[in-house]
Number of protein chains: 2
Amino acid sequence: MDMMTAPAPAKRPRGRPRKTAEEASDGNRRDELIRSAARLFRRRGFEATRTRDIAEAVGMRSGSPFYHFETKQALLFAVMEEGMKRAVARQQQALDAVAGQPPLAQLRQLIRQHFEVLLGPGNDFIPVMLYESRAITPRQRATLARLQGDYEALWLPVLAALHQAGRLHGELKLARLLIFGALNWSVQWYDRRKGASLDALADAALALFTGSSE
Amino acid sequence: MDMMTAPAPAKRPRGRPRKTAEEASDGNRRDELIRSAARLFRRRGFEATRTRDIAEAVGMRSGSPFYHFETKQALLFAVMEEGMKRAVARQQQALDAVAGQPPLAQLRQLIRQHFEVLLGPGNDFIPVMLYESRAITPRQRATLARLQGDYEALWLPVLAALHQAGRLHGELKLARLLIFGALNWSVQWYDRRKGASLDALADAALALFTGSSE
DNA sequence: CCTACCGATCGGTAGG
DNA sequence: CCTACCGATCGGTAGG
């Protein structure tokens, strides 16, 4: 497929083209915007972040991000959707790697990978999704809810197995919500520079929830 | 004390008096502002809330909140400080009521009261503190940290006792952080209208953390 | 993707 | 606490 001779986009609304996620021919600039936006949204919050700052962070002029995204909010949503898709894929892979192992080991893997997505270097996408969902539309929220459902589905069999085996106590649905809370809140207090390792975190969480010390 | 003949405030900086927390002679308007601000800050976030909306919610004109608070940020901080002071006082009382009872019962009480402060009707102060602390100054944050230390101090002996008794697993400091996370995150998902009762929540949390089913 | 720009909003203020 | 107001900012746009 020769991309140089590809026909121009069918319609150029008001003479200003705008890339969609699909036609990511030179999507590197778009990706740079998403990455920079994620970092700033996480650090300062969505409302307090100026699109000018995002532009400057990637060496663009103030109006140029709107060549790639219709609105600031669309950029926020792109961060969230992109982050969630990656998180599901990564978690799926991590879980595949421990298939066949006992539920306790699988839960440990899920927790470890979850901390990675939340606290690992450069992983700003999911924290933004967790803490800025107020700023997106109900329609966008619904799209994310579907991805979040996929993510949760990876945990459910493992949690159910542990619950049935008596290693996880309390009503299962509430236990799940409380567990995610315990993990997600780490975004608020974890300090990569001086805190415990993500492995130590995972150990502590597993111990707390299941009484296990392995 | 005759408040009608009280002397005028010593200095009126630039002819515009402003009440401090101390001289709350007619602090009811001030309190109304704090309450309304708390509700709006919680619902929309600090940055997305207009001071005009807060004013309107208490029947004031757009500029009038600045008679009571120097800045929008000062109003935010007042919400947080007020909320934290109340939370400490309430939790202290709740704990006194179960003094002498076993640690498990005390933890259940602490958790139950914590959910009340987070999710009870009209309790918007602490959620705002938890989710908007990015917007205050380091100095203000330090003041809050002291109050949060007081709050935490109520939990520490109880958690330590359970940990030593083998009812709480994992490194104690991390366990504490994870527990607070599990509880605090409920602000994100709990729905007063259709969710479980706060008692059911407390039961589930206690069971999850300690394996207890009472 | 840049230049040049604008309308609207919003925190905050002077003076009473 | 109101009236009347303002400076600055900021998301977004037309046209190339």
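We name chains A, B, ... by the order of the sequence lines, and we start the count at 1 in each one.
Residue A:Arg61 places its side chain closer to C:dC2 than to any other of C:dC2, D:dC2, C:dG12. Candidate nucleotides C:dC2, D:dC2, D:dG12 were compared by shortest atom distance to the side chain of B:Ser64, and D:dC2 ranks first. With D:dC2, C:dG12, C:dG11 as the candidates, the nucleotide lying closest to the side chain of B:Thr51 is C:dG11. Out of D:dC10, C:dT3, D:dC2, the shortest distance to the side chain of A:Arg50 is found at D:dC10.
Pairing analysis of DNA chain C (Watson-Crick: purine N1 to pyrimidine N3 plus N6-O4 or O6-N4; G-U wobble: N1-O2 and O6-N3; both under 3.5 Å) yields stems of 3 or more pairs at C:1-16 with D:1-16.
Remark: side-chain polar atoms of B:Ser64 are not paired, donor with acceptor, to backbone N or O of B:Met60 under 3.5 angstrom. Side chain of B:Arg112 to main chain of B:Asp203: no donor-acceptor pair is present (N/O by atom type, distance under 3.5 Å, no hydrogens or angles).
Within a 6.0 Å radius of CD in A:Glu152, other residues, nucleotides and ligands contribute more than 12 heavy atoms.
In this entry the distance linking CE of B:Met60 with C1' of C:dT13 reads 17 Å, nearest Å. To the nearest angstrom, P of C:dC2 lies 13 Å from CZ of A:Phe66. With rounding to whole Å, B:Leu75 atom CG is found 15 Å from C:dC10 atom C1'. Residue A:Leu40 contributes atom CG, which lies 13 Å from atom P of D:dC10 at whole-angstrom precision. Spacing between atom CZ of A:Phe41 and atom C1' of D:dG11 amounts to 12 Å, rounded to whole angstrom units. Taking atom CD of A:Glu56 as the reference point, atom P of C:dC2 lies 12 Å away to the nearest angstrom. Atom CD of A:Glu47 is separated from atom P of D:dT9 by 18 Å (rounded to the nearest Å). Between the P atom of C:dG15 and the OH atom of B:Tyr67 lies a distance of 18 Å, rounded to the nearest Å.
For the pair A:Arg86 and A:Phe125, the distance from NZ or CZ to the six-membered ring centre is under 6.0 Å and the angle to the ring normal is within 45 degrees.
A:Arg43 is linked by a salt bridge (Lys or Arg N to Asp or Glu O under 4.0 Å) to nothing, counting only residues two or more places apart in sequence or in another chain.
Taking the six-membered ring for Trp and the full ring otherwise, B:Phe115 and B:Trp185 have centroids separated by 6.0 Å or more.
Along DNA chain D, the nucleotide closest to A:Ala48 and the one closest to A:Gly63 are compared, and the more 5′ of them pairs with A:Ala48.
Side-chain atoms of B:Arg52 and base atoms of C:dG11 include a donor and an acceptor less than 3.5 Å apart.
Taking a cutoff of 4.0 Å between a charged side-chain nitrogen and a carboxylate oxygen, A:Arg44 and A:Asp53 qualify as a salt bridge.
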